[in-house]
Amino acid sequence: MRAGPLEEFTSEQVDRARRYHRPLYVAALVDLALSLGTLGVLAFGGPGDRVDRALHGLPWWAWALVFSLIVVAVPFVIRLPLSFWRGYVREKAWGFSTQELPGWVADRLKGLAVGAVLTATAMVGFMGLARVLPRAWPLAVAPAGAGLIMALSFVAPVLLEPLFNRFSPLADPELSESLRTLSRRAGVPVRDVLVADASRRTRKENAYVSGLGRTRRVVVYDTLLSRGGPREVRLVVAHELGHRRLRHVARGTALGVGAMAVAVAALWGLLRTHAVLGAVGAAGPGDPRVIPFVLFVATALQVVAAALQMVALPFESALSRRWESAADRFSLELTGDLEAFVASHRGLAVSNLLDLDPPRLVYVLAFSHPTPPERIAAARRWASELGAVAPIQPPRSTTA
Ligand SMILES: [Zn+2]
């Protein structure tokens with residue numbers, strides 16, 4: 001249950017985190033409504049028809065390309081004031097952002113460009129297949145989409161992530177040797193733990209794993225390195241190694257492929273229905289007029305998936321929280337360092353102002369991680385279970 005020991009934190013800390021997060025939950029909901037609303041208007045309404053008519057006469061692929069770019073750009077512009085408030089104004093006010101306005105704008109534009117290229121590629125590909133195979137297109141679109149997801153997982157660390165951050169091998173030779181040893185003991189040896197220059201954007205701390213096969217990597221934010229001692233960094237890296245050892249990235253990619261297949265099946269069902277085609281004003285799945293509808297359905301399906309997850313699974317067992325918990329346990333077993341576990345999760349919670357006591361519904365629907373009090377409580381439990389097993393102590397040289 002969620003009744004973790006809030007006493008790990010002061011009531012001021014709980015309160016401050018609540019004040020930071022509550023408006024952001026409302027903002028996220030408004031943002032989702034804006035996305036769905038804008039895509040809905042473009043899919044079903046007069047503005048979408050007018051854009052579509054203006055593009056008549058272009059070859060189908062240019063028509064699909066330009067329409068895709070417009071369908072990505074319009075919601076971006078409509079959501080911009082809200083993303084400015086929550087991503088810039090508020091992050092500055094709370095002392096997290098280290099970025100000036102031009103840097104923030106450049107980030108948004110890069111994000112828009114990446115989204116536009118990916119969406120346009122996917123939509124032109126979809127149109128092409130739907131035109132070549134007017135009846136059997138799902139049989140081609142589903143594997144093509146799956147291939148795109150896997151290719152993205154593979155190339156993201158080398159093509160997309162460097163657009164936003166610079167990565168360098170960890171400079172501290174002692175810590176880096178100790179992390180290499182840790183990764184060998186974890187059974188997932190890594191050549192380098194990479195450091196991302198997150199501090200040029202934020203004071204928040206993080207670490208993550210990404211990539212598949214040869215592009216697999218563990219990345220630690222420089223903000224975490226400069227605050228946390230070596231034992232805390234080891235603990236956080238052990239958690240990320242846990243995600244790799246337990247194959248969470250590969251399984252996440254497989255889930256993405258499954259979700260893609262479900263989305264294609266849903267679209268196939270919808271786009272052969274006359275009422276739907278009539279409402280959209282399209283001749284069939286190969287007509288670029290369906291593009292905003294496809295993106296509308298993709299967004300709506302994510303909402304449906306979150307809701308289904310809530311109904312279908314016991315509350316605490318949402319998949320991503322289960323994976324986080326498994327990686328936590330892995331990190332504790334690998335390091336045998338409960339003290340560092342508690343210190344690092346407290347440190348992350350305070351530095352990032354994580355919500356320590358989120359509203360139930362928000363937690364169930366949107367929390368990818370258990371809360372810090374839950375994670376610390378679980379670790380204390382595991383440590384007492386593991387008590388009989390002699391924990392592996394970190395090497396002397398890296399204890400601080
Ligand atoms: Zn994790």
Side-chain angles (χ1 to χ4, degrees), residues 2 4 8 17 21 153 156-157 161 165 167 170 179 182-183 185-188 190 193-196 198 202 204-212 215-225 227-228 231-256 306 309 313 316-338 340-356 358 362-383:
R2 201 160 59 96
E8 300 272 357
H21 282 283
S153 274
E161 291 172 20
N165 281 102
F167 298 88
L170 183 60
L179 295 177
L182 194 70
S183 77
R185 281 189 21 232
V188 280
V190 289
V193 171
L194 298 177
V195 180
T202 183
K204 288 181 175 170
E205 302 166 7
N206 207 353
Y208 66 90
V209 278
S210 65
L212 288 176
T215 66
R216 286 189 310 181
R217 63 205 39 219
V218 173
V219 176
V220 179
Y221 278 20
D222 58 354
T223 44
L224 172 63
L225 273 182
R227 182 198 55 82
R231 277 169 66 191
E232 289 185 37
V233 173
R234 277 168 55 86
L235 191 285
V236 172
V237 169
H239 171 98
E240 301 306 328
L241 291 171
H243 280 310
R244 278 193 44 177
R245 177 61 195 263
L246 304 169
R247 304 185 55 75
H248 291 160
V249 178
R251 287 158 74 186
T253 304
L255 271 181
Q309 168 140 310
L313 297 172
E316 305 310 321
S317 63
L319 190 59
S320 120
R321 291 195 295 274
R322 229 162 41 208
W323 285 358
E324 291 305 331
S325 191
D328 274 353
R329 179 158 187 147
F330 187 92
S331 72
L332 186 66
E333 289 179 3
L334 185 67
T335 60
D337 195 349
L338 176 64
F341 189 105
V342 174
S344 69
H345 285 274
R346 258 175 196 288
L348 284 170
V350 171
S351 299
N352 294 355
L353 206 51
L354 298 177
D355 198 345
L356 302 168
V362 173
Y363 179 83
V364 170
L365 280 177
F367 263 53
S368 58
H369 292 62
T371 66
E374 285 177 320
R375 299 174 80 172
I376 294 173
R380 291 198 190 286
R381 255 189 343 263
W382 298 325

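Numbering of ligands and ligand atoms starts at 1, following listing order.
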With 2.8 Å as the limit, count the protein N, O or S atoms near the Zn ion (ligand 1).
3

Excluding sequence neighbours, so at least two apart, what forms salt bridge (charged side-chain N to carboxylate O under 4.0 Å, His left out) with Arg329?
Glu333, Glu385

What donor-acceptor contacts under 3.5 angstrom involve side-chain atoms of residues 244-251, with partners at least two apart or in another chain?
{"from": "Arg245", "atom 1": "NH1", "to": "Ala186", "atom 2": "O", "distance (Å)": "2.8"}
{"from": "His248", "atom 1": "ND1", "to": "His243", "atom 2": "ND1", "distance (Å)": "2.7"}
{"from": "Arg251", "atom 1": "NH1", "to": "Leu246", "atom 2": "O", "distance (Å)": "3.1"}

Residues which pass side chain to side chain contact (heavy atoms under 4.5 Å, CB included) with Ser331, listed by chain and number, not counting sequence neighbours
Leu235, Ala238, His239, Phe341

Can a salt bridge be assigned to the pair Glu8 and Arg380 using a cut-off of 4.0 Å between side-chain N and carboxylate O?
yes

Side chain Asn206, main chain Tyr221, donor-acceptor under 3.5 Å:
no

Output yes when a side-chain donor or acceptor of His21 lies under 3.5 Å from a complementary backbone atom of Leu356, and no otherwise.
no

